[in-house]
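Working notes, structure below.
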Amino acid sequence: MLFASVDAAASGHETRYAGRVHLRYSFRIYPTPGQQQSLARAFGCARVVFNDALRTRQQAHAAGLPSLTDAELSARLTAAKATPERAWLGDVSAVVLQQALADLTAAYRNFFASLTGRRNGPKIAPPTFRSRKDRRQAIRFTANARFRVLPGGKLRLPKIGDVSVRWSRSLPSEPSSVTVIKDAAGRYFASFVVQAAAEPLAPAGTVVGIDLGLTHFAVLSDGRKVASPRFLRRAEKKLRRAQQALSRKQKGSQNRDKARIKVARAHARAADARRNFHHQLSTALIRDNQAVAVEELAVNGLARTRMARSVHDAGWSAFTAMLEYKARLYGREFHRIGRFEPTSQVCSACGVKDGPKPLYVRAWTCAGCGATHDRDVNAARNIAKAAGLAASACGVQVRPGPIPAQRREAGTLRGAA
């Protein structure tokens with residue numbers, strides 16, 4: 001699995017990037033039973049350190065005292081390790097414990113930035129206590145921990161041992177950190193953060209606009225349609241049986257825990273298949289086109305409708321994020337247009353705005369020029385035009401020409417569909 005984070009700044013429709021790309025490579029690891037016990041001990045110690053620091057900050061706030069600094073929290077951790085009650089914290093790597101404090105600091109920073117409006121997106125709640133019953137456990141080793149990949153392919157982790165890794169590809173550079181994760185299905189992963197330089201591909205002579213949907217996952221401006229795999233829908237029958245078996249098990253029993261893992265594994269298989277599909281499609285689109293344009297979708301709003309399950313099953317946000325970082329990595333252009341562009345109302349041939357149409361109307365004829373359009377293909381072409389793309393990117397003028405406004409519809413309403 002491959003993920004990325006990119007330093008970016010938006011300018012108009014196009015996203016401009018600064019700096020190098022930070023990639024996250026995730027590989028399956030197979031710790032021995034003894035190593036699993038050591039990892040469980042490390043997960044628990046990191047959780048306790050996080051909770052102790054959170055409780056200390058909450059008590060200071062309740063007493064009206066200034067917020068504790070990172071140095072003060074670190075000093076308290078060092079003092080706690082010298083006490084009999086917390087002496088067992090010395091059994092794990094000190095870097096793991098310091099990273100737990102760093103996670104708490106980052107959580108508070110994001111919370112305060114959300115409160116003041118400096119962070120975009122939905123409001124973030126203050127950090128909460130971690131539980132040993134959390135289905136996902138994680139610890140992080142930085143370069144200070146001196147983890148390393150051995151010549152034989154194993155991953156050496158301090159106070160854990162040499163862990164077997166299933167390598168699907170080689171790392172492009174020396175990793176700056178590795179996060180060891182245990183997911184809800186009981187699987188273990190090592191997630192490496194590496195820094196990679198851009199690898200521009202040879203220039204391509206085509207550009208594409210992409211209209212994302214549910215009937216077809218993606219409709220391209222050249223007329224191609226990509227079917228929606230509907231991974232979760234296909235797994236519903238097996239999931240239903242597994243969830244019914246889980247509901248019949250007694251709470252707290254080992255059989256219930258086994259049934260829970262079966263449900264988690266079924267969900268994990270669907271999520272893995274969806275992620276693989278997103279990677280293959282996004283890589284093909286970036287490889288074959290000089291520029292790609294997508295429409296910004298109100299996923300959170302759509303997730304509150306009767307189509308919520310299908311919207312989550314499609315995974316549009318994850319797909320567009322892959323397009324964005326791969327465009328940066330391979331020297332392509334990525335454009336994101338506003339959600340209020342009337343892409344389904346405007347004729348892509350003559351530019352006449354024909355008004356909103358119900359969702360059941362899949363094809364329509366333009367009243368201005370008489371052209372017949374497939375609704376989704378027309379929307380994809382309008383997305384490309386709204387982003388300033390044309391049929392060719394070989395140095396010609398790619399901005400759409402001016403279109404006279406219609407006398408009776410000179411503007412676009414924000415609420416129009």
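If you read the sequence from its start, that first residue is 1, and numbering goes on from there.
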For the residue pair F319 and H278, categorise the inter-ring angle as parallel (less than 30°), tilted (30 to 60°) or perpendicular (more than 60°).
tilted
Angle class for the F43/Y188 ring planes (parallel below 30°, perpendicular above 60°, tilted otherwise)?
parallel
Would you check, one step at a time, whether the test salt bridge (charged side-chain N to carboxylate O under 4.0 Å, His left out) holds for D52 with R86?
CA-CA 11 Å; D52 285 349; R86 291 287 189 264; 3.0 Å; yes
If every non-hydrogen atom of [X] is compared with every non-hydrogen atom of [Y], which pair is closest and at what distance?
X: A46; Y: V96; answer: CB-CG1, 4.0 Å
X: A198; Y: R328; answer: CB-NH1, 3.2 Å
X: K357; Y: R375; answer: O-NH2, 3.4 Å
X: I124; Y: F111; answer: O-CD1, 3.1 Å
X: R339; Y: E296; answer: CB-O, 3.0 Å
X: S114; Y: K123; answer: O-NZ, 2.7 Å

Separation between [atom1] of [X] and [atom2] of [Y], rounded to the nearest 0.5 Å:
X: L101; Y: L73; atom1: CG; atom2: CG; value: 6.0 Å
X: I286; Y: L329; atom1: CD1; atom2: CG; value: 10.0 Å
X: D183; Y: I181; atom1: CG; atom2: CD1; value: 8.5 Å
X: S176; Y: F141; atom1: OG; atom2: CZ; value: 14.5 Å
X: L246; Y: L239; atom1: CG; atom2: CG; value: 11.5 Å

Do R57 and Y108 meet the cation-pi criteria used here (NZ or CZ under 6.0 Å from the six-membered ring centre, within 45° of the axis)?
yes
Does any donor atom in the side chain of [X] or [Y] lie under 3.5 Å from an acceptor atom in the other side chain?
X: T283; Y: K326; answer: yes
X: N378; Y: S348; answer: yes
X: R166; Y: Y30; answer: yes
X: S191; Y: R24; answer: yes

Crowded around [X] [atom1]? As in, over 12 foreign heavy atoms under 6.0 Å?
X: E174; atom1: CD; value: no
X: R241; atom1: CZ; value: no
X: R76; atom1: CZ; value: no
X: Y330; atom1: OH; value: no

Side chains of [X] and [Y]: closer than 4.5 Å at any heavy-atom pair?
X: L104; Y: P127; answer: yes
X: L39; Y: I160; answer: yes
X: R381; Y: K385; answer: no
X: F217; Y: L281; answer: yes
X: L220; Y: I210; answer: yes
X: V208; Y: T206; answer: no
X: W88; Y: V48; answer: yes
X: D313; Y: R274; answer: yes

Check step by step if side chain to side chain contact (heavy atoms under 4.5 Å, CB included) holds for L212 and E295.
CA-CA 8 Å; L212 300 175; E295 184 178 14; over 6 Å; no
Residues V292, R332; criterion side chain to side chain contact (heavy atoms under 4.5 Å, CB included); working and verdict:
CA-CA 8 Å; V292 296; R332 302 305 201 200; over 6 Å; no
Are the side chain of [X] and the backbone N or O of [Y] linked by a donor-acceptor pair below 3.5 Å?
X: T305; Y: G301; answer: no
X: Q36; Y: P31; answer: yes
X: W316; Y: V299; answer: no
X: T343; Y: N382; answer: no
X: K249; Y: A245; answer: yes
X: R256; Y: K251; answer: no
X: Q35; Y: D162; answer: yes
X: T83; Y: A79; answer: no
X: N51; Y: F129; answer: no

Residue that, paired with D272, satisfies salt bridge (Lys or Arg N to Asp or Glu O under 4.0 Å) out of R187, R265, R28
R187
Sole candidate of D376, D211, D374 that passes salt bridge (Lys or Arg N to Asp or Glu O under 4.0 Å) when paired with K225
D374
Who passes side chain to side chain contact (heavy atoms under 4.5 Å, CB included) against K81, sequence neighbours left out?
L77, L89, A94, L97
Could you please spell out the steps behind the side chain to side chain contact (heavy atoms under 4.5 Å, CB included) verdict for V163 and F147?
CA-CA 11 Å; V163 184; F147 71 90; over 6 Å; no
Run the numbers on T142 and Q98 for side chain to side chain contact (heavy atoms under 4.5 Å, CB included), then give the verdict.
CA-CA 10 Å; T142 62; Q98 291 296 331; over 6 Å; no
Do D103 and R140 meet the salt-bridge criterion of a basic N to acidic O distance under 4.0 Å?
yes
Taking NZ, NE, NH1 and NH2 as the nitrogens, is one of them in K159 or D91 under 4.0 Å from a carboxylate oxygen of the other?
no
All salt bridge (charged side-chain N to carboxylate O under 4.0 Å, His left out) counterparts of D222, not counting sequence neighbours
R224
Atom pairs and distances, donor-acceptor, side-chain atoms in residues 229-237, under 3.5 Å, two or more places apart:
{"from": "R233", "atom 1": "NH1", "to": "E236", "atom 2": "OE2", "distance (Å)": "3.3"}
{"from": "R233", "atom 1": "NH2", "to": "S310", "atom 2": "OG", "distance (Å)": "3.1"}
{"from": "R234", "atom 1": "NH1", "to": "P229", "atom 2": "O", "distance (Å)": "3.2"}
{"from": "E236", "atom 1": "OE2", "to": "R309", "atom 2": "NH1", "distance (Å)": "2.7"}

